[in-house]
Undergrad: 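Sending over a structure as structure tokens; questions will come in a sec.
Letters A, B, ... are given to chains in the order of the sequence lines, protein chains preceding strands, and every chain is numbered from 1.
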Amino acid sequence: MSKKLYITTAIPYVNAKPHVGHVMDYLIADIWARYQKQMGHEVRFQVGTDEHGNKIAAKARDVGQNLQVFVDENYAEFKKFVDSMNISYTDFIRTTDPKHQAAVQYIWQQLTPYIYKGTYEGWYCEGCESFVTDKEAAATNGVCPDHGKSYQRLSEENYYFKASEFSGKVREAIEAHKLKIVPEFRQKEFLNLIKDGMPDVSISRPKKSLSWGVPVPGDDTQVMYVWLDALANYITVLGYPEDAAWKDYWPADVQVVGKDIMRFHAGLWPAMLVGLGLPLPKVLLVHGHVTVGGAKMSKTMGNVVDPVEIINKFGAEALRYYFSRHVSTTEDSDFNWRKFEDAYNNELANDLGNLVSRTANMVTRYQAGVVGEIQKAEHDMFAYNEAMRELRFSDAIDDAWVLVQGANQFIDRVKPWEIAKSAADDPEEKEHLDEVLAHVVGSLLQAASMLYPFLPATSEKITDMFGTGVIKPAEGVLFPKTKLETAEAQPAPVAEPVVEAVAPAPEPEPVQPEPPVSDVAAG
RNA sequence: CGCGGGGUAGAGCAGUCCGGUAGCUCGUUUGGCUCAUAACCAAAAGGUCGGUGGUUCAAAUCCACCCCCCGCAACCA
């Protein structure tokens, strides 16, 4: 048993704060990792930060900070965010880590047979001290929006990686599902993209135009461009090349990325691996993007949703819940506060939270907290397991919810409160009541187990509460009702709920939003 | 122009591969219950399944053409 598994997430570029988009990477990987651990596997789970490159250097300069200090602070922010989401990663890699940099240089040297010097030509902004893409140049009519200057056509010497040479092998691997791209339409999209082969990729910049990066071995006039550096993290974090332990985990079982960077992970990265003589990852899971009010999230539109704000208002479990059930893994999905609030109140608070509460109360009230013989696992797990295996997470959580709703229905149908009335002097009724409540507790425990990958803290609370057969006195509630104030509504402060006893981890208090914050709700 | 995704009740979606009385969640309305977080349970209303034409006894589902929305087109999760 206990096969060693490995899952990776894309490492965000730390030139800005975390946003809701990053949630998807971490959450998907965490759900998978927790599920596999539940199944008895050993899981290595990487997260990290991409800290090199001009944009970061420019940003640090803008805010007048020392580069290393700047990336240290941003790294800390991301780390804090990942931790606050309760992500069960095993490794956090930073591309500025000296070990990583050394490994990247080693990788470069191994790839030398496929690296050649060429000329890069493109639109260059003197103000930014960097090239922009043709697309960007076109979109801005050839004038840099930040500096008001026209772009210049410049060329410079770069090293190129012969990705073209590996087109065939990469394509074959993808077609044969040796490197399986999920969902399938992404695979189709990518294969179409490289139907004429993959182009060679520029992988370095002259030091004068890019200094914040890994030096190219044997040429101190050149610095590596970020992709080679960043992609390498998936193996350097395992200790590649010197620590042989990497062999226990590579190839990765799943690599999670956003649709925007699929091509690097489906093309360049596999090409690098083939060049290094390493096996390709087994699955590339490409998730969609989160839109806000139907529009792409962007700073200029000012519609960026801060996940930290969500956690502050509703808690990490709520964030995890919403993004695993109501945000599609593979398609783009819309986020707005209204939907979020509805899901939280209707599903987490009313369905699940209230079920826990009414069950605990009845057991406490009718039988002094002692649960009878708990029946277990009567819900067929086939559909759930299949959904988890196929990475259809919202289907899996739906299936867990069947149990939650079923328990609520069951309670209403058998009416334990009525049985309780006659149970006082009728031993048969007493036994019946016992069975009924034990059945509900059994459902709850099974649901908790199914929900563990999604809502680990909640799952543990439920298990703690009912698992021993004697109810722990519950003083608080699982998910206190939380309403965001609207512009009109007078703030009617929610009674400060007592939240402990059931809460091993610090439970987020329902924070009263300062001023009205129902911004996007209208959209 | 090309490639991909999508257009099904007020909203969000499933069903389309393998044609056969149009389904789920939320919202709305009504009823029930009282163990519970003004929670829970039940029932009802609500859709000519983007359009046109075709195949068929039968089309949301297959075929053809067309319209609309979104994304991608090489370095933004």
Undergrad: With the criterion being N/O to N/O and under 3.5 Å, what pairs connect the protein with nucleotides 5-14 of chain B, and how long is each?
TA:
residue: B/G5; atom: O2'; partner: A/E331; partner atom: OE1; Å: 3.2

Undergrad: Which of residues 432-439 of chain A have a heavy atom under 4.0 Å from RNA chain B?
TA: none
Undergrad: I'd like to know if A/K313 and A/E341 make a salt bridge, using a cut-off of under 4.0 Å between side-chain N and carboxylate O.
TA: no
Undergrad: Can I get a per-line list of side-chain donor-acceptor pairs under 3.5 Å for residues 431-445 of chain A, giving both atom names and the distance, sequence neighbours left out?
TA:
residue: A/H439; atom: ND1; partner: A/Q375; partner atom: OE1; Å: 3.4
residue: A/S443; atom: OG; partner: A/H439; partner atom: O; Å: 3.3

Undergrad: Would you indicate what A/Y225 reaches in the nucleic acid, counting non-hydrogen atoms under 4.0 angstrom: base, sugar-phosphate, or nothing?
TA: base
Undergrad: Classify the ring geometry of A/Y321 against A/W401: parallel below 30°, tilted from 30° to 60°, perpendicular beyond 60°.
TA: tilted
Undergrad: Quick test of your reading of the model: are A/D426 and A/K430 salt-bridged, counting only N-O distances below 4.0 Å?
TA: no
Undergrad: Applying a 4.0 Å non-hydrogen cut-off, can you work out what A/V290 is touching in the nucleic acid: base, sugar-phosphate, or nothing?
TA: base
Undergrad: Name the residue closer to the 5' end of RNA chain B, choosing between A/E189 and A/S202 according to the nucleotide with the nearest heavy atom.
TA: A/E189
Undergrad: Give the B/S/- string for nucleotides 29-42 of chain B, one per nucleotide from 5' to 3', where a protein heavy atom under 4.0 Å of the base yields B, of only the sugar-phosphate yields S, and otherwise -.
TA: ---BSSBBB-SBSS
Undergrad: Starting from C1' on B/C76, measure out to NZ on A/K59 and report it in whole angstrom.
TA: 13 Å
Undergrad: Please map the stems of RNA chain B, keeping only stretches of three or more Watson-Crick or G-U wobble pairs with both distances under 3.5 angstrom.
TA: B:2-7 with B:67-72, B:10-13 with B:23-26, B:28-32 with B:40-44, B:50-54 with B:62-66
Undergrad: Residues two or more places apart in sequence or in another chain: which of them pass side chain to side chain contact (heavy atoms under 4.5 Å, CB included) with A/A318?
TA: A/F314, A/F340, A/Y344, A/L348
